[in-house]
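Before any comments, here is the structure.
Both counts, for ligands and for their atoms, begin at 1 and track the order of listing. Values below: all heavy atoms of this structure, side chains included; hydrogens, waters and symmetry mates excluded. Nothing fancy with the numbering, it's 1 onward along the sequence.
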Amino acid sequence: MKKVLFLLSAILCLSVTAALAVDGGALYEKKCAKCHNDGTHSSKAGGGVVLKGQGAEMIHKKLEGYLDGSYGGAKKKTMARVLGKFSPEEIKAMADHIGSM
Ligand code: HEC
């Protein structure tokens, strides 16, 4: 009986951890793709930038730069506004996703 309870609680812990992990890919699809498509090109609203192929580290640096005002072009306010709604974990997860495109 003890063994069964132990197994049950282990499974429960694992599934809770999985649910809490941020899905950068899903966030990207929902919040970024309308301007940046699949990363190979951006709409006019997306400033025409190409995200694919930049690498997660570079993308993460740029996203943090938009937030602290140290990076960006003529439309940097657009990105600062978009990014203001996310936690640092979510931003990191999205950068990792873009890096894997
Ligand atoms: C409303 C349209 C819009 C949405 C939504 C949007 N972006 Fe952007 N993004 C832009 C624009 C415009 C730029 C260019 C800004 C500038 O002038 O620096 C940009 C630039 C970027 C850049 C920098 C590219 C480079 O090489 O300079 C990254 C990275 C980026 N966006 C990631 C994201 C992520 C991640 C999301 C989702 C959370 C997102 N964007 C959502 C419009 C958008």
(request) Starting from atom 16 (C) of ligand 1, locate the nearest protein heavy atom and write down its residue, its atom name and how far away it is, to 0.1 Å. (result) Gly73 N, 3.3 Å

(request) Report the part of Ile91 (side chain from C-beta onward, or backbone N, CA, C, O) that has a heavy atom under 4.0 Å from ligand 1; answer both or neither where that applies. (result) neither

(request) Could you tell me which non-hydrogen atom of Gly46 sits nearest to which non-hydrogen atom of Val49, and how far apart they are? (result) O-CG2, 3.4 Å

(message) Counting non-hydrogen protein atoms only, what is the nearest one to atom 14 (C) of ligand 1? Give residue, atom name and distance.
(response) Tyr66 OH, 3.8 Å

(request) Could you tell me whether a side-chain N or O of Glu29 sits under 3.5 Å from a main-chain N or O of Ala26, the two making a donor and an acceptor? (result) no

(request) Under 4.0 Å from a heavy atom of Ile59: give me the atoms of ligand 1 that qualify, with their elements. (result) 29 (C)

(request) Fit a plane to each ring of Tyr71 and Tyr66, take the angle between them on a 0 to 90° scale, and name the class: parallel (under 30°), tilted (30 to 60°) or perpendicular (over 60°). (result) perpendicular

(request) Check atom 8 (Fe) of ligand 1 and write out every protein N, O or S atom at under 2.8 Å, as residue and atom. (result) His36 NE2, Met79 SD

(message) Rounded to the nearest 0.5 Å, what separates atom CG in Asp96 from atom CD in Glu57?
(response) 10.0 Å

(request) Output, in order, the C-alpha distance, side-chain angles, deciding distance and verdict of side-chain contact (heavy atoms from CB on, under 4.5 Å) for Gln54 and Lys62. (result) CA-CA 10 Å; Gln54 290 204 40; Lys62 288 180 174 178; 2.7 Å; yes

(request) Starting from atom 12 (C) of ligand 1, find the nearest protein heavy-atom neighbour and note its residue, name and distance. (result) Ala45 O, 3.2 Å

(request) Check for a donor-acceptor pair, side chain of Ser42 on one end and backbone N or O of Gly48 on the other, with a separation under 3.5 Å. (result) no

(message) If the cut-off is 4.0 Å to any non-hydrogen atom of Ala74, which atoms of ligand 1 fall inside it?
(response) 17 (O)

(message) Would you say that Leu67 contacts Phe86 through its side chain, given a criterion of any heavy-atom pair below 4.5 Å between the two side chains?
(response) no

(message) Could you check whether any side-chain heavy atom of Leu27 comes within less than 4.5 Å of a side-chain heavy atom of Glu90, counting everything from C-beta outward?
(response) yes

(request) Within a distance under 4.0 Å of any heavy atom of Ile98, pick out the atoms of ligand 1 and give their elements. (result) 35 (C)

(request) Output the list of atoms in ligand 1 that are nearer than 4.0 Å to some heavy atom of Met94, sorted by atom number. (result) 38 (C)

(request) Considering heavy atoms of the protein only, find what lies nearest to atom 27 (O) of ligand 1 and give residue, atom and distance to 0.1 Å. (result) Tyr71 OH, 2.5 Å

(request) If you have a sec, work out which protein heavy atom is nearest atom 5 (C) of ligand 1 and how many Å separate them, to one decimal? (result) Lys31 O, 3.4 Å

(request) May I ask you to list the atoms of ligand 1 that are less than 4.0 angstrom from any heavy atom of Gly72? (result) 18 (O)

(request) Look up atom CD in Glu64 and atom CD1 in Ile59, then write down how far apart they are to the nearest 0.5 Å. (result) 12.5 Å

(message) Counting only nitrogen or oxygen atoms and a 3.5 angstrom limit, does Gln54 reach ligand 1?
(response) yes

(request) Measure the distance from atom 17 (O) of ligand 1 to every protein heavy atom, then report the residue, atom name and distance (to 0.1 Å) of the closest one. (result) Lys75 N, 2.8 Å

(request) State, yes or no, whether a side-chain contact exists between His60 and Ile91 at a heavy-atom distance under 4.5 Å. (result) yes

(request) May I ask you to check if ligand 1 and Tyr28 share an N or O to N or O distance below 3.5 Å? (result) no

(request) Side-chain contact test, heavy atoms from C-beta onward, threshold under 4.5 Å: evaluate it for Met79 versus Leu63 and give yes or no. (result) yes

(request) Identify the heavy atoms of Lys44 and Lys75 that sit nearest to each other, and give their distance. (result) O-NZ, 3.0 Å

(request) Indicate yes or no: does an N/O atom of Lys62 lie under 3.5 Å from an N/O atom of ligand 1? (result) yes

(request) For ligand 1, indicate whether the residue Val50 contacts it via side chain, backbone, both or neither (heavy-atom separation under 4.0 Å). (result) neither

(request) Please confirm whether the backbone N or O of Gly25 pairs with a side-chain atom of Asp23, one donor and one acceptor, at under 3.5 Å? (result) yes

(request) Considering non-hydrogen atoms only, spot the tightest contact between Asn37 and Tyr28 and give its length. (result) O-OH, 3.0 Å

